[in-house]
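Take a look at the structure below.
This one's a predicted model, so the numbers in the text were calculated from it and none came from an experiment.
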Amino acid sequence: MTYGLTRIIHFFLLVHSIFSIPAAVLSFAFVSLDFISFIIQLVGGSYAGPTAPVEEQMKGVYIYMGGIGLQQFFIFMFLGLAVKFHLMMVRLERVGVAKRGWKRLLWTLSLFLLCRTICIFFRLVEFSAGQTSSNHLQFHDYYFYILEAVPMFFAILCYNLTHPGNILIGPEAELPGLWGMFKEKLCRGRRRRKRKILVDEDSQELIGKYAVMGDGKEPVR
C-alpha cells in the first residue's frame, strides 16, 4: 500500500516529491509507522490469549484496538497524500505533461484503502462490543465473511486487474532507497561546489587579465 503510492509519486511527478517531501522519505516514514502499529497489535494479541484472565484479555483487546485504530489514522494521512497527488496531476494534465495511467492506479489504490478501512472498522466495532453473548459479531461467522473476507478479496482482485508493473515501466519506475537518495544529493552538492570553485577561479583570472590591460600592459599568459 505505502510502497505503491510512493512509487506512483516518484514515477508521475516531475519533482518526485509531494509537500516538498521526497517519495523515498515518505515510503520510509509510512513503512515505519505501519511497523509500529503492527507491534502494538502484536502486543495486544499476546495479552489476549485464551488462557489469560479476563481482565488481562480485555487489556489486550484495548491495546489491539489502539493498534488498528492507529493504522486507520495512518490510512487517513495516506489518503491526504493521495488527494494532493490527484490535484498535482490534474494541473500537469492541463499543461499536457502528465504521463498516462495515473488515474487507473490511483483508483485501484483508493479502492484497496476503502476495503482495508471496512475491515478495520469491523474489527473496532467487534471488539468494542465486548465478549458477551449479545455481541453478534463474534458469534456469527457471516459478519466476518461479509465485512472482512469479501473486502480483502476485492482488494486483492483490484491489484490483480491493475498491476502497477504494467504501467510503471522505465528508469523512474524503481523507487530509490533512502540512503541512495541522500548519497545522490551529497554527490550533487559536491559537484555544484566544484563548479562554483572553477567559475570563481575563471572569474578571478579574467579580472586579472582585464586589470593588466587597463594599465596598458600586455596580459600575462
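- Proximity of a side-chain donor or acceptor of H163 to a complementary backbone N or O of G165 within less than 3.5 Å is detected.
- Tested against F30 for a ring pair (Phe, Tyr, Trp, His ring centres under 6.0 Å), the candidates F74, F35, F78 yield a single pass: F78.
- Under the 3.5 Å distance criterion, the side-chain polar atoms of S110 are matched with a main-chain donor or acceptor of L106.
- Expressed to the nearest 0.5 Å, how far CG of N160 lies from CZ of F154 amounts to 13.0 Å.
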- request: Verify ring-ring contact (aromatic ring centres under 6.0 Å, His included) between Y159 and F112, making sure each step is shown before the conclusion.
  value: CA-CA 8 Å; Y159 270 107; F112 177 88; 5.5 Å; yes
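- Rounded to the nearest 0.5 Å, atoms CD1 (I40) and CE (M65) are 13.5 Å apart.
- Between E172 and K99 there is a salt bridge, since a side-chain N of the basic residue sits under 4.0 Å from a carboxylate O of the acidic one.
- Counting heavy atoms from C-beta on, the side chains of I9 and S17 never come closer than 4.5 Å.
- A salt bridge links E126 to R123: at least one charged side-chain nitrogen sits closer than 4.0 Å to a carboxylate oxygen.
- Using the six-membered ring where Trp is involved, F144 and F122 have ring planes that are tilted, between 30° and 60° apart.
- Residues L13 and L92 form a side-chain contact, since some pair of their non-hydrogen atoms from C-beta on lies under 4.5 Å apart.
- Separation of atoms CZ (R100) and CD1 (I167) is listed at 12.0 Å; rounding is to 0.5 Å.
- Using cut-offs of 30° and 60° for the angle between ring planes, the F76 and F121 rings count as tilted.
- Checking side-chain atoms of K84 against main-chain N and O of F19 turns up no donor-acceptor pair under 3.5 Å.
- Proximity of Y47 to Y62: side-chain heavy atoms (C-beta onward) are nowhere separated by under 4.5 Å.
- Using modelled atom types and a 3.5 Å distance limit, the side chains of Q71 and R116 yield a donor-acceptor pair.
- Note that the NZ atom of K59 and the CD atom of E55 stand 10.5 Å from one another [nearest 0.5 Å].
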